[in-house]
Amino acid sequence: MMKVYEDTELTPIKVAKMSGYIDWSSQPSSFKHYPNFLFRYKYEENQLLRAVELCRIITSRTSIGVKPYYQLNTPSAGNLHPVELYVQIRGVKGILSGIYHVDAGASEIVLIKEIGYAGIEPYVGLNKQLTGMIFLVSCVPYRAQWKYFKRSMRYCYLDVGHQIGSIFSSMKLHRQNRTILSDFDIGTLNNFMGFKGEEFITAVFSSGKSRDSNVEKFKEKLMYVTPTDYSELYEYLAENISTNEILKSDVSGSTANLKEVNILNRRSTRYFSADGLSKIKINYILECINIVNYSIYCYNIILKDTYKKAGIYIGNTLLKEGYFADKISALLVDQSFVKNGDIITIITSKHFSANKLMQAGAFAHNLYMEAEVQNIGFSGIGAFYDKKLQDFLAIDDYILYVCVTGEEQK
């Protein structure tokens with residue numbers, strides 16, 4: 001992955017080459033759809049499905065020209081959403097036990113395979129039946145590659161991290177437990193899921209209780225359904241994503257004050273007020289940022305001399321005093337909207353891996369939820385000049401993700 005970091009880093013020359021004309025009519029489909037003859041549940045048919053629905057739900061439907069434009073409760077680079085979600089449901093009252101595809105585009109779950117003595121458990125390292133739900137998050141890299149080329153590999157994992165964070169938020173809201181599953185052969189699982197090198201499982205976790213009953217593997221794999229209407233996937237992306245690890249490390253959970261409306265209202269802020277946040281809000285969000293505790297680090301750049309001196313911080317330690325709004329805007333590929341923000345958070349790690357990127361995405365998603373609860377503006381930023389940003393901070397750590405926090409302009 002160290003070579004991947006170098007291959008996918010941004011420089012002014014690379015950005016210039018990527019800034020050509022984009023024919024949006026050629027965008028691959030953003031949602032996977034299984035055949036109409038399969039059985040499905042609309043979410044309103046059973047209130048117990050609300051926990052699944054809130055994991056991945058369209059929260060805005062509009063159109064650009066003649067093309068529909070949907071936004072989800074999970075952010076995504078370029079609103080491309082290179083992610084799919086599956087769930088096995090077993091022993092939940094009123095719902096047929098089976099493996100389902102979560103079709104956010106159609107607001108339903110689609111039954112791919114009924115389960116009984118057999119189930120997905122053996123493919124994810126479990127030897128007993130699990131009553132409850134097993135979630136599988138997959139990546140569809142061509143959706144992001146279509147616009148971002150090699151850099152899209154990072155965005156794929158960050159988007160997967162946001163999807164993980166969204167699932168954990170829904171589970172927290174519905175008081176469900178979670179266990180990350182990673183002790184299994186990912187190649188065998190991808191093969192069973194019916195994927196053909198266009199889609200890859202990147203994270204698996206369970207929510208429920210183990211039974212005493214043994215569980216068997218299926219005799220046949222699941223049906224193949226193309227995740228996009230067409231694909232020209234680079235071998236580079238397919239090879240690197242297929243050989244990389246799935247999520248293995250836990251991520252921080254959502255705030256105890258989370259409400260359903262916070263999940264539905266999440267949106268990336270693109271206009272910040274020059275007035276800035278109150279002292280209470282600044283201290284609150286900094287406390288949330290500084291609790292990170294799984295070998296990723298947060299450098300905070302305070303942009304305004306309000307309740308803290310403007311400058312670069314790690315934790316509560318001021319590393320360098322100064323006003324850096326213009327400088328950081330340039331380093332974030334000239335995204336000038338960040339200048340009115342209060343805090344720029346740069347998430348780094350001593351190691352660069354798929355696992356770290358997913359952790360960073362999930363951590364940022366938790367910050368989205370914390371910000372939404374407190375009516376604070378927040379946005380994740382995946383585009384930055386990697387080496388220049390490292391030099392600016394005077395660090396060798398790898399840059400994973402950047403976030404901006406501030407008072408949203410109404």
Side-chain angles (χ1 to χ4, degrees), residues 1-28 30 64 75-82 139-162 232-238 240-241 268-272 299 301 303 312 324-341 344-349 352-354 356-357 360-361 364 378-404 406:
M1 283 293 282
M2 291 178 64
K3 186 177 186 305
V4 171
Y5 188 85
E6 296 172 354
D7 288 346
T8 60
E9 69 178 0
L10 288 182
T11 65
I13 292 176
K14 285 184 179 180
V15 169
K17 289 180 178 179
M18 292 169 58
S19 300
Y21 171 75
I22 295 177
D23 181 6
W24 285 94
S25 67
S26 69
Q27 181 185 356
S30 299
I64 298 179
S76 175
N79 200 44
L80 300 177
H81 298 285
C139 172
V140 183
Y142 183 62
R143 290 182 192 159
Q145 175 210 298
W146 171 81
K147 181 179 180 183
Y148 294 115
F149 308 100
K150 283 187 177 181
R151 181 76 174 189
S152 63
M153 183 166 174
R154 298 201 201 187
Y155 299 153
C156 284
Y157 284 121
L158 290 172
D159 283 1
V160 166
H162 280 290
E232 297 175 327
L233 183 62
Y234 292 157
E235 286 186 10
Y236 175 88
L237 286 181
N240 278 288
I241 291 180
S268 297
T269 302
R270 283 296 179 264
Y271 300 97
F272 291 97
Y299 290 83
I301 303 173
L303 298 182
I312 304 172
F324 299 113
D326 289 335
K327 179 66 175 179
I328 197 65
S329 172
L331 293 173
L332 300 181
V333 195
D334 298 310
Q335 298 185 72
S336 60
F337 79 95
V338 306
K339 293 181 183 180
N340 278 337
I344 303 292
T345 301
I346 302 171
I347 303 174
T348 75
S349 175
F352 184 74
S353 67
K356 293 299 180 194
L357 286 167
F378 187 90
S379 183
I381 299 174
F384 42 83
Y385 295 125
D386 303 75
K387 184 63 169 63
K388 290 178 178 291
L389 194 49
Q390 287 173 303
D391 291 343
F392 171 68
L393 294 176
I395 62 172
D396 294 323
D397 291 15
Y398 297 98
I399 311 295
L400 302 177
Y401 206 10
V402 177
C403 306
V404 55

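Keep in mind that the numbers below use all heavy atoms, side chains included, and drop hydrogens, waters and symmetry copies.
At a threshold of 4.5 Å between non-hydrogen side-chain atoms, the residues Lys387 and Thr11 do not count as touching. Tyr385 has its side chain within reach of Pro12: a pair of non-hydrogen atoms, C-beta onward, lies under 4.5 Å apart. Side-chain contact check for Tyr271 versus Phe337: every heavy-atom pair is 4.5 Å or farther apart.
Under the 3.5 Å distance criterion, the side-chain polar atoms of Thr8 are left unmatched by any main-chain donor or acceptor of Arg151. In this structure, the side chain of Gln145 engages the main chain of Tyr234 through a donor-acceptor pair within 3.5 Å. A donor-acceptor distance shorter than 3.5 angstrom exists from the side chain of Gln335 to the backbone of Leu332, with no hydrogens or angles considered. The backbone N or O of Leu80 sits nowhere less than 3.5 Å from a side-chain atom of Gln27 that would complete a donor-acceptor pair.
Interatomic distance, CD1 of Ile13 versus CE of Met18, reported as 14.0 Å (0.5 Å rounding). From Leu10, atom CG reaches atom CG of Leu389 across 11.0 Å, with rounding to the nearest 0.5 Å. For the atom pair Glu9 CD and Phe384 CZ, the distance stands at 10.5 Å (nearest 0.5 Å). Separation of atoms CD1 (Ile395) and CD1 (Ile346) is listed at 7.5 Å; rounding is to 0.5 Å. Here the CD1 atom belonging to Ile241 is positioned 5.5 Å from the CE atom belonging to Met153, to the nearest 0.5 angstrom. In this structure, Leu400 CG and Lys356 NZ are separated by 8.5 Å, a value rounded to the nearest 0.5 Å.
Across all non-hydrogen atoms, the minimal contact from Asp159 to Ser76 is OD2-OG, 2.6 Å. Listed here is the closest heavy atom pair of Cys156 and Pro141: SG-CA, 3.7 Å. Between Val338 and Leu303, the closest heavy-atom pair is O-CD1, 3.4 Å. For Cys403 against Ile347, the heavy-atom pair with the smallest separation is SG-CD1, 4.2 Å. Heavy-atom minimum distance, Ala364 versus Tyr401: CB-CE2, 3.5 Å. Taking all atoms of both residues into account, the shortest heavy-atom contact from His81 to Asn79 is NE2-OD1, 2.9 Å.
Within a 6.0 Å radius of NZ in Lys14, more than 12 heavy atoms belonging to other residues, nucleotides or ligands are found.
For His162 and Tyr157, the ring centers sit 6.0 Å or farther from each other. Ring centers of Phe392 and Phe324: under 6.0 Å apart, within the cut-off.
In this model, no donor atom of one side chain and acceptor atom of the other lie less than 3.5 Å apart for Trp146 and Ser152. Between the side chains of Ser30 and Arg143, no donor N or O sits under 3.5 Å from an acceptor N or O.
A cation-pi arrangement is present between Lys150 and Tyr236 under the rule of less than 6.0 angstrom and at most 45 degrees off the ring axis.
Looking at residues two or more places apart in sequence or on another chain, you find a side-chain contact (heavy atoms from CB on, under 4.5 Å) between Tyr5 and Arg154, Phe352, Asp386, Gln390, Tyr398, Ile399.
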